[in-house]
Amino acid sequence: MSSEKVISYRCPKSDAVVEHRVDNGGETRQTYQPVVCRACGELHFVHRDTGKLLGHDKD
Ligand SMILES: [Zn+2]
């Protein structure tokens with residue numbers, strides 16, 4: 001059984017909304033998912049449920 005989840009977040013560098021597909025199973029499930037940003041190419045840590053970025057807590 002494979003379950004995938006799409007999280008979307010706003011890239012703080014390019015201000016673009018990026019969607020990222022993550023695996024929802026496995027034991028390495030983390031609250032903040034490290035993703036390589038498609039917009040700026042850097043690594044962001046995105047909250048799996050809220051899409052908020054670690055270290056960018058403004059709304
Ligand atoms: Zn980015």
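We use all heavy atoms of the structure for the numbers below, so side chains are in, but hydrogens, waters and symmetry mates are not. Bear in mind that the values here come from a model prediction, so they are computed numbers and not experimental data.
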side-chain contact (heavy atoms from CB on, under 4.5 Å) assessment of R10 paired with D15 = CA-CA 6 Å; R10 182 177 293 274; D15 211 35; 3.3 Å; yes
inquiry  = Quick check: closest heavy atoms across Y32 and F45, and the distance to 0.1 Å?
reply    =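 Looking at all heavy atoms of both residues, the shortest contact is CD2-O, 3.7 Å.
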query = Taking all non-hydrogen atoms of both residues, which atom of Y9 and which atom of L53 are closest, and how far apart?
reply =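 In terms of heavy atoms, the two residues are closest at CD1-CD2, 3.8 Å.
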query = For the atom pair NZ (K52) and NE2 (H47), what is the distance rounded to the nearest 0.5 Å?
reply =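 The distance works out to 9.5 Å.
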request  = Any chance you could measure H20, atom NE2, to Q33, atom CD, to the nearest 0.5 Å?
outcome  =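 If I round to the nearest 0.5 Å, the distance is 6.5 Å.
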key: Partners meeting side chain to side chain contact (heavy atoms under 4.5 Å, CB included) with V36 (sequence neighbours left out)   =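 Side chain to side chain contact (heavy atoms under 4.5 Å, CB included) list for V36, sorted by chain: L43.
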inquiry  = Suppose we screen for side chain to side chain contact (heavy atoms under 4.5 Å, CB included). Which residues come up paired with A39, at least two apart in sequence or across chains?
reply    =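 Partners of A39 under the side chain to side chain contact (heavy atoms under 4.5 Å, CB included) test: C11, S14, A16, V18, C37.
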request  = Check the pair T31 / R48 against side-chain contact (heavy atoms from CB on, under 4.5 Å), numbers first and verdict last.
outcome  = CA-CA 6 Å; T31 303; R48 302 181 67 105; 5.7 Å; no
request  = With sequence neighbours excluded, give me every salt bridge (Lys or Arg N to Asp or Glu O under 4.0 Å) pair touching residues 30-41.
outcome  =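 As it turns out, there is no salt bridge (Lys or Arg N to Asp or Glu O under 4.0 Å) pair with a partner in residues 30-41 once direct neighbours are skipped.
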